[in-house]
J.: 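My questions will all concern the structure given below.
For ligands, and for the atoms within them, numbers begin at 1 and follow the listed sequence. All values derive from a computational prediction rather than experimental measurement.
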Amino acid sequence: MYLRLGINIDHVATLRNARGGEHPCPVRAALLAMEAGADGITAHLREDRRHIRDRDIERLKNEVNLPLNLEMAMTGKMLAIALKVKPHAVCLVPEKREELTTEGGLDAARFEKSLKPFVQKLQNNGSRVSLFIDPHPEQIDAAQRIGARAVELHTGGYAQLAVGSWQLAETNNPLLTANRQLLTAAKLASQHGLEVHAGHGLNYDNVGPIAAIPEIVELNIGHFLVGEAVFVGLAEAIQKMRRLMDEARP
Ligand code: PXP
């Protein structure tokens, strides 16, 4: 199955907001990403609007001819925005104001009761919902009971470990354990009929083993590519990531 690449453009907005004004424009980055071969655009409308703002979401929906994946927290205000904007997809993430980035997955098992009607409203409105969860069986079981169409497996834990320890012995290698956890979770989610996505902390060095998991059909990648764009340009960074994903795919 083809592996889609969603480009998260949040940090183009971070750079813009550092000085106020309009430059660099996340919509322009999304258009460039499309030309470079991106399959979708991902943007996280945080409650504190630290990067992406409401107007960016409207413009991304109206001016970019690619599926928009809106990441958001499970709040009434965000629900109202998503129902109005009708993005192609919504990814529900946990959100803490003090965190630098999304630190852990959504506890779907704990919030199952409230998530079910929330997800239903979004999906009835035409948005495919994915739950950003840690790769644990109880979270995948809960996502299925909730009725979400997809899960996005949090690769942050794996990515933090994926710094050159592939050569270590098989036993007690936390990186191999994290990788196996993702493999098992992807298989289980697919068996449950969920579409499987993955993302967070992915870069050129660690994307291969994730792209090689056959059940995963979408990766969402942002911070590394926006950083790399400073050196080689956004298009070249995206094209290289695309190449590495294709090479790793079985
Ligand atoms: N997927 C989700 C659900 C996220 O919250 C993020 C970060 O906003 C990403 C993917 C992309 O992560 P990164 O910016 O580390 O590539």
J.: Check ring-ring contact (aromatic ring centres under 6.0 Å, His included) between His51 and all other residues, then give those that pass, not counting sequence neighbours.
T.: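 For His51, the residues satisfying ring-ring contact (aromatic ring centres under 6.0 Å, His included) (neighbours in sequence not counted) are His11.
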J.: Is the shortest distance from a Lys or Arg side-chain nitrogen in Arg16 or Asp56 to a carboxylate oxygen in the other one below 4.0 Å?
T.: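 Judged by the 4.0 Å cut-off on N to carboxylate O distance, Arg16 and Asp56 do form a salt bridge.
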J.: Compute the ring centroids of Phe118 and Phe111, then answer whether they are less than 6.0 Å apart.
T.: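 That pair fails the under 6.0 Å test.
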J.: Quick one: list whatever passes ring-ring contact (aromatic ring centres under 6.0 Å, His included) with His200, sequence neighbours left out.
T.: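 Testing His200 for ring-ring contact (aromatic ring centres under 6.0 Å, His included), a comparison that skips the adjacent residues, returns His154.
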J.: Identify all side-chain donor-acceptor contacts of residues 135-144 below 3.5 Å with residues at least two apart in sequence or on another chain.
T.:
residue, atom, partner, partner atom, Å
Gln139, OE1, Ala108, N, 2.7
Gln139, OE1, Ala109, N, 3.1
Gln139, NE2, Asp107, OD1, 3.0
Asp141, OD1, His192, NE2, 2.7
Gln144, NE2, His192, O, 3.3

J.: If we only count heavy atoms from C-beta on, is the Leu219 to Arg4 side-chain gap below 4.5 Å?
T.: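 A side-chain contact under 4.5 Å is absent here.
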J.: Give every pair made of an N or O atom of ligand 1 and a protein N or O atom lying under 3.5 Å apart, one pair per line with both atom names and the distance to 0.1 Å, or write 'none'.
T.:
residue, atom, partner, partner atom, Å
ligand 1, 1 (N), Glu71, OE2, 3.3
ligand 1, 1 (N), Glu152, OE2, 2.5
ligand 1, 5 (O), Glu71, OE1, 3.1
ligand 1, 5 (O), Thr102, OG1, 3.3
ligand 1, 8 (O), Asn8, ND2, 3.4
ligand 1, 8 (O), Glu71, OE1, 3.4
ligand 1, 14 (O), His223, N, 2.8
ligand 1, 15 (O), Gly201, N, 2.8
ligand 1, 16 (O), Gly222, N, 2.8

